[in-house]
Amino acid sequence: MTWPMMFGVLSLMSFQLVDSAFIGQLGVLPLAAQGFTLPIQMIIIGLQVGLGIATTAVISRVLGSGDERRAKQLGGLVVLTGALIVVVVGIAIWLLRGPILSLLSAPDNVRPLIDAYWPYWLCSAWLGAMVYFAYSLCRANGNTVLPGIMMVVTSVLNMVLDPLFIFTLDLGLVGAAMATIVAFAIGMLVMFPVVIKRHWMSLNWQGLHVMASIKELLNIMAPAMLSQLMPPLASMLATKLVAGFGAAAVAAWALGSRLEFFSIVVVLALTMSMPPMVGRCLGQKDMASITALIRLAVKFIMVWQFAIAAILLMLSVWLPSVLSSDPSVSQLLSVHLRWVPVSLGPLGVCMLMVSVSNALGMPMRALVISCLRLFACFLPLIWLGAHFGGIKGLFIGAMFGNLAAGLMAWLCFQQGMHKVVAKFTPATMAEQN
């Protein structure tokens with residue numbers, strides 16, 4: 001179930017990295033504008049991923065009980081709820097863009113670019129969220145091949161359309177958003193007819209206790225959304241800290257963040273494929289298989305990410321100059337690649353623990369892990385690093401922050417896992433009965 005999502009997420013990250021490379025050729029200011037957009041983009045992504053987590057958890061359990069009709073109705077409820085939430089958030093972001101940019105310490109010369117870019121970017125974000133909700137319904141029903149294929153298709157479309165809109169039509173930064181709009185619109189036109197044809201969603205809610213169903217979704221969705229919203233909040237604070245070192249530092253931080261997403265693509269795929277597997281095992285009360293799955297995934301993540309870190313270290317000599325034509329940005333990105341990637345294995349373990357905690361019905365523990373990772377490990381250590389070592393110290397602080405987060409997440413998850421295992425032991429179940 002993981003490999004189709006791996007190729008899908010890989011293609012998604014590839015188009016974002018290529019997108020940043022194209023924008024980087026426009027100069028420092030457009031790249032900095034994208035850097036200030038990134039933490040806000042993560043807010044919308046956090047919302048859609050949080051709802052996707054709830055979708056997978058609830059619908060997979062309903063399907064496990066054999067109630068396909070209710071699963072289909074819940075699918076329609078999820079799509080409509082998600083569409084309305086993202087619209088409201090998008091409008092709020094646009095209306096509050098002035099205070100948001102002030103909070104991020106955005107310089108005045110970047111704001112006109114952002115004012116022109118954000119309307120198109122917000123539209124592309126809504127379309128992307130809708131396509132993601134369709135992907136979530138597929139995964140909840142055990143199909144990872146279709147969303148994996150469509151992620152590749154929309155990403156390739158985006159990469160093909162990027163130079164056309166950015167350079168040929170001379171639309172610059174706005175052209176990047178317009179290319180994404182076209183790609184995601186095509187994705188919607190393909191995905192939703194398939195989802196409806198396969199009876200994975202319905203807007204006919206006759207016989208469905210809508211309020212009870214919404215409450216059931218919220219029990220997982222609210223903590224999961226908060227958990228997903230912690231990274232963008234931390235990203236905003238980190239961007240504000242980086243902004244003190246100038247526009248080149250923000251541009252390098254944005255490129256480094258894109259590379260981090262790209263290098264943890266397998267982890268992202270695992271966080272999407274593991275919850276349905278864990279959920280089905282939980283429904284069967286097969287705790288031994290859950291434990292084996294988690295330990296296998298953690299070992300794989302550590303080995304895989306160490307190999308990726310070694311590759312990025314070798315590429316740090318020439319890759320930064322390929323991604324940016326500005327020497328100061330390239331130099332800072334090279335520093336990033338020498339220090340941060342080695343810590344992405346523990347970061348991946350932390351992300352997996354959050355995902356599996358939600359699948360096991362422990363959304364509050366997932367939220368605690370996310371909060372501790374960002375506000376007890378990552379942000380304090382990058383602040384200390386920046387305070388004592390400047391911009392280089394900031395990158396070193398990010399490395400130690402990720403290392404500490406991985407260890408903390410594993411210990412916190414194990415404590416919760418013991419409680420889940422105890423709950424499903426034969427003696428405990430007999431006592432409850």
Side-chain angles (χ1 to χ4, degrees), residues 38-40 42-43 45-47 49-50 53 103-105 220 222-245 253 256-257 260-261 263-264 267-268 270-271 294 297-298 301-302 305 309 336 339-420:
L38 184 61
I40 314 303
M42 289 174 68
I43 291 177
I45 292 174
L47 288 170
V49 171
I53 289 170
L103 179 65
L104 294 174
S105 302
I220 300 176
M225 280 186 173
L226 287 175
S227 177
Q228 296 298 320
L229 287 173
M230 292 301 105
L233 176 59
S235 178
M236 291 174 67
L237 296 174
T239 301
K240 181 177 177 65
L241 180 62
V242 175
F245 295 98
W253 183 261
S257 298
E260 285 183 29
F261 287 140
S263 61
I264 60 173
V267 176
L268 293 171
L270 276 170
T271 62
I294 294 170
V298 167
I301 286 172
M302 293 299 294
Q305 292 303 145
H336 182 285
W339 289 99
V340 178
V342 72
S343 66
L344 295 182
L347 175 62
V349 171
C350 185
M351 294 169 62
L352 185 68
M353 296 304 97
V354 171
S355 177
V356 174
S357 294
N358 283 309
L360 288 171
M362 300 189 296
M364 290 306 298
R365 187 166 295 270
L367 178 58
V368 169
I369 292 174
S370 292
C371 291
L372 289 176
R373 167 204 158 192
L374 296 167
F375 301 109
C377 300
F378 184 71
L379 286 174
L381 286 173
I382 67 169
W383 181 85
L384 287 172
H387 181 73
F388 290 106
I391 186 65
K392 180 179 178 180
L394 185 144
F395 291 131
I396 296 174
M399 178 191 69
F400 281 108
N402 289 335
L403 292 173
L407 178 60
M408 173 278 306
W410 177 253
L411 295 175
C412 187
F413 174 79
Q414 287 300 312
Q415 184 183 25
M417 186 65 180
H418 289 320
K419 296 180 180 179
V420 175

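Owing to the predicted nature of the structure, the values given are computational and were not obtained by experimental measurement. All residue numbers in this chain count up from 1 along the given sequence.
Looking at Met417 and Leu360, their side chains come closer than 4.5 Å, going by heavy atoms from C-beta outward. Taking 4.5 Å as the limit, every side-chain heavy atom of Pro341 sits out of range of all side-chain heavy atoms of Gln305.
Interatomic distance, Leu347 CG to Glu260 CD, rounded to the nearest 0.5 Å: 7.0 Å. With values rounded to the nearest 0.5 angstrom, Trp410 atom CH2 is found 7.0 Å from Ile294 atom CD1. With values rounded to the nearest 0.5 angstrom, Trp339 atom CH2 is found 7.0 Å from Phe400 atom CZ. With rounding to the nearest 0.5 angstrom, the OG atom of Ser263 is 9.0 Å from the CG atom of Leu268. Between atom CD1 of residue Ile301 and atom CG of residue Leu352 there is a gap of 4.5 Å, rounded to the nearest 0.5 Å. Residue Leu47 holds its CG atom at 8.0 Å from CD1 of Ile43, rounded to the nearest 0.5 Å.
Checked against side-chain hydrogen bond (donor to acceptor under 3.5 Å, both in side chains), Ser343 has the following partners two or more places apart in sequence or in another chain: Asn402. Partners of Lys240 by side-chain hydrogen bond (donor to acceptor under 3.5 Å, both in side chains), not counting sequence neighbours, listed by chain and number: Ser105.
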Would you be so kind as to tabulate the donor-acceptor pairs closer than 3.5 Å made by side chains of residues 361-390, with sequence neighbours excluded?
| from | atom 1 | to | atom 2 | distance (Å) |
| --- | --- | --- | --- | --- |
| Arg365 | NH1 | Cys412 | O | 2.9 |
| Ser370 | OG | Ser227 | OG | 2.6 |
| Ser370 | OG | Ala366 | O | 3.2 |

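Listed here is the closest heavy atom pair of Phe245 and Leu394: CE1-CD1, 4.2 Å.
The aromatic rings of His336 and Trp253 sit perpendicular to each other, their planes meeting at more than 60°, with 30° as the lower class boundary.
The side-chain hydrogen bond (donor to acceptor under 3.5 Å, both in side chains) contacts involving residues 344-364 comprise nothing, where partners must be two or more places apart or lie in separate chains.
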